[in-house]
Undergrad: 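To start, I am sharing the structure in question, which I have written as structure tokens.
Chain letters run A, B, ... following the sequence lines, proteins first, then strands; residues in each count from 1.
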Amino acid sequence: MKTVLTINGQQVSLDIDTRVTLLDALRDHLGLYGSKKGCDHGQCGACTVIADGRRINSCLTLAAMHDGETIITVEGLAHGEALSALQQAFLGHDGMQCGYCTPGQLCSATAMLEEARAGRASQVTDDLTTPAPLSRAEITERMSGNLCRCGCYSGIVAAIEEVAAE
Amino acid sequence: MRPFDYQRPAAPEAACQGMSASPHAAYIGGGTNLIDLMKLGVMAPDLLVDVNRLGFDTIKDLDDGVEIGATVRNSDLADDPRIRVRWPVLSRALLAGASAQLRNKATTAGNLLQRTRCPYFQDIDVPCNKRKPGSGCAALGGELRNHAILGTSEHCVAAHPSDMAVAMQALDAQVVIRDADGQTRTMGLDHFYRTPGDTPHIETRLNPADLITGVRLPAPLGDRQVYRKVRDRASYAFALVSAAAVMQLKEGRIEYAAIAFGGLGTQPWRDPKVDALLTGARPSEALFEKAGDVLLRSAELREGLEFKKPLAHRVLKAVLTEATQ
């Protein structure tokens, strides 16, 4: 199956089996090992990437379904050697221990901040018609699709709070 | 995953043709449920027909309602300003479901057609009448928790997992369907699902090549809309019990009531007797208690599911109280 993707600004052409998920295309066919295979069933969020501006679980979608789309993985978040504000904040707040969930957390949080800026509501938003400030409750609800088995949630939330306040 | 062919048609005719080509073909929308089930070996289509580029990705205004395209993402539907203002119970239900990543992929039609999360359905090493007709039911005699107490049979106790469909059930949604001959028909969501009986593998009244093109919402009949979901963790979990209420009050009485439930039924559950009891009555704790009795009059409380009776009573009472305050 011929599939063209633009990944982190670079166009790539793949000829792959229809069964290849977007996650496996990234890791096994393109050597981008940042996106992690945690559960492979859409339950942990370690495989989160940003496809055409939207965060998704790359394990639950076929690469072929994304033909022509623009994908951003954790490898595409920094600007050259300069870390993104979120990456820097994760370091500053110890938002990781083993680091396995971190690429997914970073991609998810990057897109989540954009969703919040666009005025998207969450389950804990009081008034659906008024954009809510990113309180701790909003951040934890919006990030519930990313698990951290080391339990570094307090550092992760603090890092996101810092960047959200900028 | 078993090998399969993949088609991405640009028009509905081609999509229906593709589906007609094989008895084991499947439409794929977001894929968040289907691909998972294919990895588990629960589903093994030999052809996937991708419906994402058929142009059913917008929400159109109707006379006094909307038609939601079949591939509108759950996140976009929840975010739509029309839905947030006039059908907030639908936004609330959507936002209570899954995670942001999954809502960004999951489609309207796919959400309606998602399969049960009964763990025995998902485990190909144990019997399941839904997965393999006639093989038996490992859930009966197994551990029951996210299972149904309404609409069940001795062949299947699997609950429908959707939040979105519960709100749509309370909003009198109509499913728009294109058949293999290109004819379009609509079907009320209240008629869309089938109770399991002795054929739990047949879940809807769709014909094999039928293509859902959208869901119509008529103008809401109540401006008091509430969705409440109770589950084992605060976010990103399926409902143990959920309830959607659409109500209208006039001079201290309930003028209109449509209440639907998740986590209780084999399908998104709505009981006309509950709505009828509430309609015309004055809100009171006794009335809400009675509504719970009516709802649960035929509940099958199998071992492990006894907790759902008091929980359903409390959720219903909370939702009705909030909607009539």
Undergrad: Given that the side chain runs from C-beta out, which part of Asp17(A) has a heavy atom under 4.5 Å from chain B: side chain, backbone, both or neither?
TA: neither
Undergrad: Name the one of Asp79(B), Thr32(B), Asn111(B), Thr108(B) that satisfies side chain to side chain donor-acceptor pair (under 3.5 Å) with Asn74(B)?
TA: Asn111(B)
Undergrad: With respect to chain A, which residue among Ser99(B), Ser235(B), Gly31(B) yields the maximal number of heavy-atom pairs within a distance under 4.5 Å?
TA: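 Option with the top pair count is Ser235(B).
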Undergrad: Out of Arg103(B), Arg92(B), Lys105(B), return the one with the most heavy atom pairs under 4.5 angstrom to chain A.
TA: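 The answer is Arg92(B).
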Undergrad: Which region of Thr21(A), side chain (C-beta onward) or backbone (N, CA, C, O), has a non-hydrogen atom less than 4.5 Å from a non-hydrogen atom of chain B, or is it both or neither?
TA: side chain
Undergrad: Relative to chain A, which segment of Asp36(B) carries a heavy atom at a distance below 4.5 Å: side chain, backbone, both, or neither?
TA: both
Undergrad: Out of Met1(A), Arg19(A), Met143(A), return the one with the most heavy atom pairs under 4.5 angstrom to chain B.
TA: Arg19(A)
Undergrad: Sort out for me which of Ala51(A), Ala118(A), Gly45(A), Cys59(A) touches chain B most, counting heavy-atom pairs under 4.5 Å.
TA: Cys59(A)
Undergrad: Between Lys229(B), Arg53(B), Met38(B), Arg73(B), which shows the greatest number of heavy-atom pairs under 4.5 Å with chain A?
TA: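 The option with the most such pairs is Arg53(B).
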Undergrad: Quick check on Arg142(A) against chain B: is it the side chain, the backbone, both or neither that has a heavy atom closer than 4.5 Å?
TA: backbone
Undergrad: Look only at the side chain of His147(B) and the backbone of Arg145(B), and say whether a donor-acceptor pair between them is shorter than 3.5 Å.
TA: yes
Undergrad: Could you check which of Asp50(B), Val85(B), Leu102(B) has the highest count of heavy-atom pairs closer than 4.5 Å to chain A?
TA: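 Answer, by heavy-atom pair count under 4.5 Å with chain A: Leu102(B).
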Undergrad: Please look at Arg84(B) and chain A and tell me whether the side chain, the backbone, both or neither of the residue comes under 4.5 angstrom of a heavy atom of that chain.
TA: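 Looking at Arg84(B), backbone and side chain both touch chain A.
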Undergrad: Check whether Ala234(B) gets within reach of chain A through its side chain, its backbone, both or neither, counting any heavy atom under 4.5 Å.
TA: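 Just its backbone gets close to chain A.
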Undergrad: Name the region of Asp52(A), side chain, backbone, both or neither, that has any atom closer than 4.5 Å to a heavy atom of chain B.
TA: neither
Undergrad: For the pair Ser84(A) and His79(A), evaluate side-chain hydrogen bond (donor to acceptor under 3.5 Å, both in side chains) and give the outcome as yes or no after the intermediate values.
TA: CA-CA 7 Å; Ser84(A) 75; His79(A) 309 282; over 6 Å; no
Undergrad: What part of Asp80(B) is in contact with chain A, defined as an atom under 4.5 angstrom from a non-hydrogen atom: side chain, backbone, both or neither?
TA: neither
Undergrad: Check Asp163(B) with Arg231(B), please: is the shortest side-chain N to carboxylate O separation under 4.0 Å?
TA: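 Judged by the 4.0 Å cut-off on N to carboxylate O distance, Arg231(B) and Asp163(B) do not form a salt bridge.
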Undergrad: Could you tell me whether Arg228(B) atom CZ has more than 12 heavy atoms of other residues or ligands within 6.0 Å of it?
TA: no
Undergrad: Heavy atoms only, distances under 4.5 angstrom: which of Ser75(B), Ser91(B), Gly97(B) has the most pairs with chain A? Name it, please.
TA: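 Among the listed options, the one with the most contacts to chain A is Ser75(B).
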Undergrad: With a 4.5 angstrom heavy-atom cut-off, is it the side chain or the backbone of Pro3(B) that approaches chain A, or both, or neither?
TA: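 Pro3(B) touches chain A through backbone and side-chain heavy atoms alike.
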Undergrad: Given a strict heavy-atom distance threshold of 4.5 Å, which part of Ser122(A) is in contact with chain B: side chain, backbone, both, or neither?
TA: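 The backbone, not the side chain.
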Undergrad: Roughly how far, to the nearest 0.5 Å, is the CZ atom of Arg55(A) from the SG atom of Cys107(A)?
TA: 11.0 Å
Undergrad: What part of Leu34(B) gets within 4.5 angstrom of chain A, counting heavy atoms only: side chain, backbone, both, or neither?
TA: neither
Undergrad: Taking everything shown except Asp15(A) itself, do over 12 heavy atoms lie less than 6.0 Å from its CG?
TA: yes
Undergrad: Quick check for you: to the nearest 0.5 Å, what is the distance between Gln122(B) atom CD and Cys128(B) atom SG?
TA: 10.0 Å
Undergrad: Quick one: which of Asn146(A), Asp67(A), Thr129(A), Thr125(A) has the most heavy-atom pairs under 4.5 Å with chain B, could you say?
TA: Asp67(A)
